[in-house]
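Shown next, in structure tokens, is the structure this report addresses.
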Amino acid sequence: MYMALSMHSKEINNKQMDSSKYVRYTPEQVEALERVYTECPKPSSLRRQQLIRECPILCNIEPKQIKVWFQNRRCREKQRKEASRLQTVNRKLSAMNKLLMEENDRLQKQVSHLVYENGYMRQQLHTASATTTDNSCESVVMSGQQQQQQNPTQQHPQRDANNPAGLITIAEETLAEFLSKATGTAVDWVQMIGMKPGPDSIGIVAVSRNCTGVAARACGLVSLEPIKVAEILKDRLSWFRDCRCLETLSVIPTGNGGTIELIYMQTYAPTTLAAARDFWTLRYTTTLEDGSLVICERSLNTTSGGPVGPHASSFVRAEVHPSGYLIRPCEGGSSIIHIVDHVDLDAWSVPEVLRPLYESSKILAQKTTMAALRYIRQIAQETSGEIQYGGGRQPAVLRTFSQRLCRGFNDAVNGFADDGWSLLGGDGVDDVTIVVNSSPNKCFGTQYNASGFPTFGGVLCAKASMLLQNVPPPLLVRFLREHRSEWADYGVDAYSTACLKASPFAVPCARPGGFPSSQVILPLAHTVEHEEFLEVVRLEGHTFSPEDVALARDMYLLQLCSGVDENAVGACAQLVFAPIDESFADDAPLLPSGFRVIPLDSKTDGPATTRTLDLASTLEVGPGGARPSGEADTNNYNLRSVLTIAFQFSFENHLRDSVAAMARQYVRSVVGSVQRVAMAISPSRLSSNIGPKSLPGSPEALTLARWICRSYRMHTGAEVFRVDPEAGDGLLKQLWHHSDAIMCCSLKTNASPVFTFSNQAGLDMLETTLVALQDIMLDKILDEAGRKMLCSEFSKIMQQGFAYLPGGICVSSMGRPISYEQAIAWKVVNDEDSNHCLALMFINWSFV
């Protein structure tokens, strides 16, 4: 009996093994299955049964075996993709390892060179101390000067365009000097802080120290062929946002297969307070013996020789020292790029306060050197399909929108006469400059009536620049982006409103009637490292006057925000936007306006004043926009930046003066708003003589402060302050300057609580102002744990009057995480003991 059962069990096991044996498919069967896999990699059981019925060649295969085939096929596909990804990462790591080894060798040479120089200097100092005179050195210097005076053109003889041999000599000299900077120790390079090398990083970035002009150097890895990289880098207009025009006036081939180009380039000025720069250079493109591509460039002048180039009277001639790009091929179709930018921007031609913009290698690195690397990486990832864009737009179209916004804003800031801009007379105060452009090429949005005459005559730009103290540019731009109502709340009279309504591209602001409208930001695209965002802003419920409330419509802005990363050293922060219609066509006309904040190197010759100044008038701003000059900065924060504001308006010919008056007043109000915002979000606290303002719809601040303190004492039995303040203003001042964040929010049961009041510590914690505070809801700053805790304790607060909440994490209006040790929530009642609001105190808070 036992033997029979055993034989039966073996027979069953053999049948199961036969049914699960590997099935060998014919080529026709594999082809049929591959066709289905292409359409549906994971077919359902019904689809597999249908496949067997429709394909006779698969009728001898069980559905279970077909299911196994699809599982194996998906597994092989996943393994293939993973192997390809690992091979790509391995190639990147190998290339980056080679780059780091070369960089290490270069640094070792630099160390040896510095050690030699140190020993030589010690020897010279010892020799100098042992001698009493140094006439020999003086005689050597004088003899060298005499030799140069006797033959000043011996080293660099004058060449012209008709002498290609002379230009080739300049090109070869430029090549040798550039390579010594890119891979050697010709310049004393110092690595920029925060730039960590790696296969997915921007690369290795360094800036110059103790050299003529300013210089920056970068090397990185990109997944593009060298020829493609060279094409992108030579097309400077596509990636260099400060480039106004680049014209190749002559192309001369060389015997080694290279080319020499004579180039004239103009660049924009970053602010309204300095002239733009132009360059006359020789660019040499050639191939080295190891297959590397080189594009090097230098200025042609009386020192280097070469033909005399064009020059515009409104530009300051700047000089390019030997600079360029070394592009080396590596395995897998990638390239290693070495970039050197070395320029002399003639800093002495600008006001002293602006010279750091022209003497900072960090700014050069951010604006030019790193911009080139980032753009190439962007193109590489777009080509490989790694970046997904929304809105159904092609990457090239979105890049074009970004370039048009930047270019239009730069045109407005500079106001070149050859573009048609002319200065309009002022009103006696030089704080705001008005320029007008009525040229046909500028009036791209001109509409025509039935008679064929334009409905408006041109574009008007109101612009101003000012110096900001102790305000990080990224923080300011993020605030302006998130809290548009803080600076765009202004009023215009009915006459100007009629002009604005005539053109859909005339209103660059959010609330031209003072009537509230909320904004919704719709992302379009961003760059690889999120240093720039392109987005559409929808302003909901936009109205021009109380009579138009029933006809309220949404307004749309195309917006570009850049430089909001606080870790980017020397980066310019910018917010530029232009009104668009709802259709948002690819060729939509744009009239950009906005803000640009450029950091200045902090002074080291003593404590800086903590004042916000208008550079044009150097007038001190009054209360609400500045701090007294005698106040000390508690955080020892010493950061200066230049803010440039430019707003463009279209106008009809007969309304030009009215629009100009409105634009001037509008920009002045924006300047005042930005100054108040800058003071509110500054890391240092407000002075003791600045107190909170009364809020619309709320009791007077003194009364509210009394209610807050009385309710706290009534519910908890303790005092808000350790020392009883004096009556009246003393209570309000102590509440305003309390070290813990104290804030009030509404007690609405059918809506999320909205903040109505906060002391200075609360405003610092939320990174906002009293006006913008009313747009922040309590739910938005608490994390999920904090919301659950407050919800569970809410009934206790309403019955008992207060509750202690454990420490946790919340976020500011800028999205920065904040930790706090403990929070206290209590019910604030008025004099009639009716519920007025909910107060919260966050104890010992700090940014994470």
Side-chain angles (χ1 to χ4, degrees), residues 389-409 411-412 437 440-450 452-461 481 484-485 488 490 492 496-513 515-525 533-545 547-561 575-594 646-652 655 659 662-663 666:
Y389 288 91
R393 308 276 175 166
Q394 294 295 322
V397 175
L398 297 176
R399 286 201 310 273
T400 301
F401 274 123
S402 300
Q403 293 164 3
R404 288 173 58 196
L405 284 172
C406 281
R407 188 176 183 83
F409 185 70
D411 283 332
N437 195 331
N441 62 339
K442 183 63 181 176
C443 302
F444 46 77
T446 303
Q447 301 173 351
Y448 295 88
N449 56 25
F453 294 99
T455 60
F456 65 93
V459 174
L460 179 147
C461 178
R481 173 179 175 265
R484 184 175 296 270
S485 60
Y490 77 103
V492 294
S496 297
T497 300
C499 172
L500 294 175
K501 292 172 68 175
S503 170
F505 310 111
V507 190
C509 53
R511 297 167 61 182
F515 298 97
S517 60
S518 59
Q519 69 168 353
V520 178
I521 297 179
L522 309 172
L524 276 182
F533 299 88
L534 183 67
E535 52 203 15
V536 171
V537 180
R538 185 175 76 240
L539 304 172
E540 299 175 332
H542 180 78
T543 59
F544 286 94
S545 63
E547 299 83 37
D548 294 337
V549 172
L551 302 176
R553 61 184 177 87
D554 291 346
M555 181 178 172
Y556 295 88
L557 302 173
L558 181 64
Q559 183 166 272
L560 184 70
C561 182
L575 183 69
V576 179
F577 45 87
I580 55 175
D581 58 14
E582 193 170 357
S583 62
F584 184 29
D586 289 351
D587 58 349
L590 301 178
L591 203 61
S593 303
F647 285 83
Q648 298 192 75
F649 303 83
S650 59
F651 63 88
E652 298 180 29
L655 296 175
V659 175
M662 180 274 300
Y666 168 67

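Excluded from the calculations below are hydrogen atoms, water molecules and symmetry mates; all remaining heavy atoms, backbone and side chain alike, are included.
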Test ring pair (Phe, Tyr, Trp, His ring centres under 6.0 Å) on F647 and F409; report intermediate values, then the result.
CA-CA 9 Å; F647 285 83; F409 185 70; 8.6 Å; no
Taking the side chain as every heavy atom from C-beta outward, state whether [X] and [Y] have any pair of such atoms under 4.5 Å apart.
{"X": "D411", "Y": "N437", "result": "no"}
{"X": "V520", "Y": "V536", "result": "no"}
{"X": "V459", "Y": "L591", "result": "yes"}

[X] [atom1] to [Y] [atom2] distance, which is reported to the nearest 0.5 Å:
{"X": "L539", "Y": "I521", "atom1": "CG", "atom2": "CD1", "value": "9.5 Å"}
{"X": "L560", "Y": "Q403", "atom1": "CG", "atom2": "CD", "value": "10.5 Å"}
{"X": "D587", "Y": "T400", "atom1": "CG", "atom2": "OG1", "value": "11.5 Å"}
{"X": "L398", "Y": "L558", "atom1": "CG", "atom2": "CG", "value": "9.0 Å"}
{"X": "Q648", "Y": "L460", "atom1": "CD", "atom2": "CG", "value": "9.0 Å"}

ring-ring contact (aromatic ring centres under 6.0 Å, His included) involving Y556 - partner list, sequence neighbours excluded
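Per chain and number, Y556 pairs via ring-ring contact (aromatic ring centres under 6.0 Å, His included) with no residue.
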Looking at residues at least two apart in the chain, or sitting in another chain, which of them share a salt bridge (charged side-chain N to carboxylate O under 4.0 Å, His left out) with R481?
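Once residues adjacent in sequence are excluded, the partners of R481 under the salt bridge (charged side-chain N to carboxylate O under 4.0 Å, His left out) criterion are E535.
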Those residues that, when tested against D586, pass salt bridge (charged side-chain N to carboxylate O under 4.0 Å, His left out) (two or more places apart)
R393
May I ask you to decide if the ring planes of F649 and Y666 are parallel, tilted or perpendicular, using 30° and 60° as cut-offs?
perpendicular
At their closest point, which heavy atom of S650 faces which heavy atom of V659, and how far apart are they?
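The answer is O-CG1, 4.3 Å.
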Take R399 and Q394 through the test side chain to side chain donor-acceptor pair (under 3.5 Å) and record every step on the way to the result.
CA-CA 9 Å; R399 286 201 310 273; Q394 294 295 322; over 6 Å; no
So which of P592, S593, C561 actually passes side-chain contact (heavy atoms from CB on, under 4.5 Å) with F577?
S593
